[in-house]
K.L.:
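Let me begin by handing over the structure; questions about it come next.
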Amino acid sequence: MRRFHFLKKLIIALIFTTVGFCNYTFAADSFIEALTTGKFDLLLNYRFEHVDDPTTLKDAYASTLRTVIGYETGHFYGFGVNFELEDVSVIGNELFNDGGANGKTRYAVVVDPDGTEINQAYLSFGKLENITFFKNTEIKAGRQLITYRKAPFHRFIGSVVWRQNWQTFDGYTLSNQSLPDTNLHFGYIYNVNRIFGEDNPISGLHDKSVDGYLFNVQYDGFSLGRLEGYSYLLDFDTTSTSPSAFFQSTQTFGGRFNGKYELNPKIDLLYAVEAAHQSDYAQNSNDIDSNYYLGELGITYSIKHI
């Protein structure tokens, strides 16, 4: 399996070149201040799901609580740290099949496995006001959420937010907003932390090793909406996962345009169009040739509050 490290080397070179040769004023005056002036995050999300299975399986009743505790430091010489723990606990009786980890195969499947994991743990660098390039640039290295649209409009790359155990990625990402009305995103990922949990005994459902290259560009300069182009190249490691990984490596190229148009002060017309093409990639022996098309049209009506 090929494993390229160009992006990793580029990130390291940019960081050390900037730190070694540039003089600037930092947001945090000291290392201790950076550590103590960060912010805590706490999220509690209770979820109940009932699945009425038409087969011989028993109905599923999944009562779970998702707890996320995180801390993001301030910045020191442009560097910051984000650490986040995620716990999914079953509330009451475990009357569902969580996807293989709990062995409750008599019940219908609800993929919300019980367990505690590191959801995010990454080092960030950037947002330096006195350096032209890094003023609008941020680099992240480590375990992180990667999404390019607001939920629930994730497609191809996302965190699967409708499940309790969110999907995250191990790798390196770079975002830049130097060009007017433009957001540039580049990423290299080497592991996918899937929703089935790290302790899932079924081969192919737990974490997946991958050589993944992510490119996403969004332009907001049009009055009628946002234009987006993307390319995702995913080469899964067949030596550390199930044999099905041979058939999961894909390359996806696509584009999207979405926005709104004001018909009158109370009514807006909403619209979106998207098209993408996916084919086999790297060692994939399948002949994949799939097209994706989307069209949406809607309206919003604003009611004046009394």
Side-chain angles (χ1 to χ4, degrees), residues 4 6-7 10-11 120 122 124 126-127 133-141 143-163 166-190 192-195 210-236 248-263 268-282 288-300:
F4 303 102
F6 173 76
L7 182 59
L10 175 61
I11 291 173
Q120 295 197 89
Y122 63 81
S124 65
K127 303 296 182 180
F133 178 76
F134 282 102
K135 180 179 180 180
N136 299 304
T137 300
E138 184 175 35
I139 298 169
K140 297 178 181 179
R143 179 166 297 183
Q144 55 194 284
L145 295 170
I146 300 178
T147 59
Y148 299 120
R149 306 172 190 165
K150 294 182 179 180
F153 302 110
H154 304 162
R155 178 163 290 279
F156 305 119
I157 301 294
S159 53
V160 196
V161 294
W162 54 91
R163 299 261 55 102
W166 286 11
Q167 178 171 269
T168 60
F169 304 87
D170 299 335
Y172 311 88
T173 59
L174 183 150
S175 61
N176 178 270
Q177 294 83 38
S178 297
L179 299 176
D181 303 312
T182 303
N183 292 284
L184 303 174
H185 302 278
F186 307 95
Y188 169 75
I189 57 174
Y190 57 85
V192 183
N193 307 290
R194 305 184 72 201
I195 63 174
V210 63
D211 269 325
Y213 295 88
L214 315 177
F215 306 91
N216 185 288
V217 180
Q218 300 177 14
Y219 179 71
D220 292 308
F222 298 116
S223 60
L224 293 178
R226 168 180 293 180
L227 179 64
E228 175 185 356
Y230 52 86
S231 174
Y232 308 130
L233 312 177
L234 304 176
D235 180 6
F236 286 98
Q248 295 174 349
S249 297
T250 57
Q251 54 185 346
T252 304
F253 301 89
R256 175 184 174 92
F257 185 83
N258 66 282
K260 66 179 181 179
Y261 180 77
E262 183 180 292
L263 297 177
D268 288 331
L269 178 67
L270 306 178
Y271 43 83
V273 291
E274 184 174 0
H277 178 75
Q278 188 172 88
S279 60
D280 47 284
Y281 181 62
I288 299 176
D289 185 13
S290 298
N291 293 313
Y292 165 76
Y293 303 102
L294 175 139
E296 293 179 336
L297 191 64
I299 62 171
T300 61

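Heavy-atom basis, side chains included; hydrogens, waters and symmetry copies ignored.
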K.L.:
Which heavy atom of Ile288 sits nearest a heavy atom of Asp280, and at what distance?
P.N.:
N-OD1, 3.0 Å

K.L.:
Between Thr137 and Asn176, is there a side-chain donor-acceptor contact under 3.5 Å, judged purely by atom types and distance?
P.N.:
yes

K.L.:
For the residue pair Thr252 / Gln278, report whether a side-chain donor-acceptor contact shorter than 3.5 Å exists.
P.N.:
yes

K.L.:
Does any donor atom in the side chain of Asn216 or Gln218 lie under 3.5 Å from an acceptor atom in the other side chain?
P.N.:
yes

K.L.:
Is the shortest distance from a Lys or Arg side-chain nitrogen in Glu228 or Arg149 to a carboxylate oxygen in the other one below 4.0 Å?
P.N.:
yes

K.L.:
For the aromatic rings, using the six-membered ring if either is Trp, is the centroid distance between His185 and Tyr148 under 6.0 Å?
P.N.:
yes

K.L.:
Do we see a donor-acceptor contact under 3.5 Å between the side chains of Ser175 and Glu138?
P.N.:
no

K.L.:
Got more than 12 heavy atoms from elsewhere within 6.0 Å of OH, Tyr261?
P.N.:
no

K.L.:
Work out which heavy atom in Tyr271 is nearest to a heavy atom in Leu224; give both atom names and the distance.
P.N.:
OH-O, 2.5 Å

K.L.:
Does the side chain of Ile195 reach to within under 4.5 Å of the side chain of Trp166, using non-hydrogen atoms?
P.N.:
no

K.L.:
State, without any angle test, whether Thr173 and Gln144 hold a side-chain donor-acceptor pair at a distance under 3.5 Å.
P.N.:
yes

K.L.:
Between Thr182 and Gln177, is any pair of side-chain heavy atoms under 4.5 Å apart?
P.N.:
no

K.L.:
Could you check if a side-chain atom of Phe169 sits within less than 4.5 angstrom of a side-chain atom of Tyr190, using non-hydrogen atoms only?
P.N.:
no

K.L.:
So Phe215 and Phe186, would you call those rings parallel, tilted or perpendicular, with 30° and 60° as cut-offs?
P.N.:
perpendicular

K.L.:
Could you check if a side-chain atom of Asp170 sits within less than 4.5 angstrom of a side-chain atom of Asn193, using non-hydrogen atoms only?
P.N.:
yes

K.L.:
Does any non-hydrogen side-chain atom of Leu214 lie less than 4.5 Å from one of Leu233?
P.N.:
no

K.L.:
Could you tell me whether the side chain of Ser249 reaches within less than 4.5 Å of the side chain of Leu234, counting heavy atoms only?
P.N.:
no

K.L.:
Evaluate the side-chain proximity of Val217 to Asn183: yes if any heavy-atom separation is below 4.5 Å, no if none is.
P.N.:
no

K.L.:
At their closest point, which heavy atom of Asn291 faces which heavy atom of His277, and how far apart are they?
P.N.:
OD1-ND1, 2.8 Å

K.L.:
Gln251 versus Ser231: any side-chain heavy-atom pair under 4.5 Å?
P.N.:
no

K.L.:
Any side-chain donor paired with an acceptor under 3.5 Å for Tyr281 and Gln248?
P.N.:
no

K.L.:
Which atoms form the tightest heavy-atom contact between Tyr219 and Pro180, and what is the distance?
P.N.:
CE1-O, 3.7 Å

K.L.:
Please collect all salt bridge (Lys or Arg N to Asp or Glu O under 4.0 Å) contacts where either partner lies in residues 173-187, sequence neighbours excluded, each pair once.
P.N.:
none

K.L.:
Do Asp235 and Tyr213 have side-chain atoms, one donor and one acceptor, less than 3.5 Å apart?
P.N.:
no

K.L.:
Do you know the tightest heavy-atom contact between Tyr230 and Ala276?
P.N.:
OH-CB, 3.5 Å

K.L.:
Could you pull out the closest heavy-atom pair between Asn258 and Ala272, with the gap in Å?
P.N.:
CB-CB, 3.7 Å

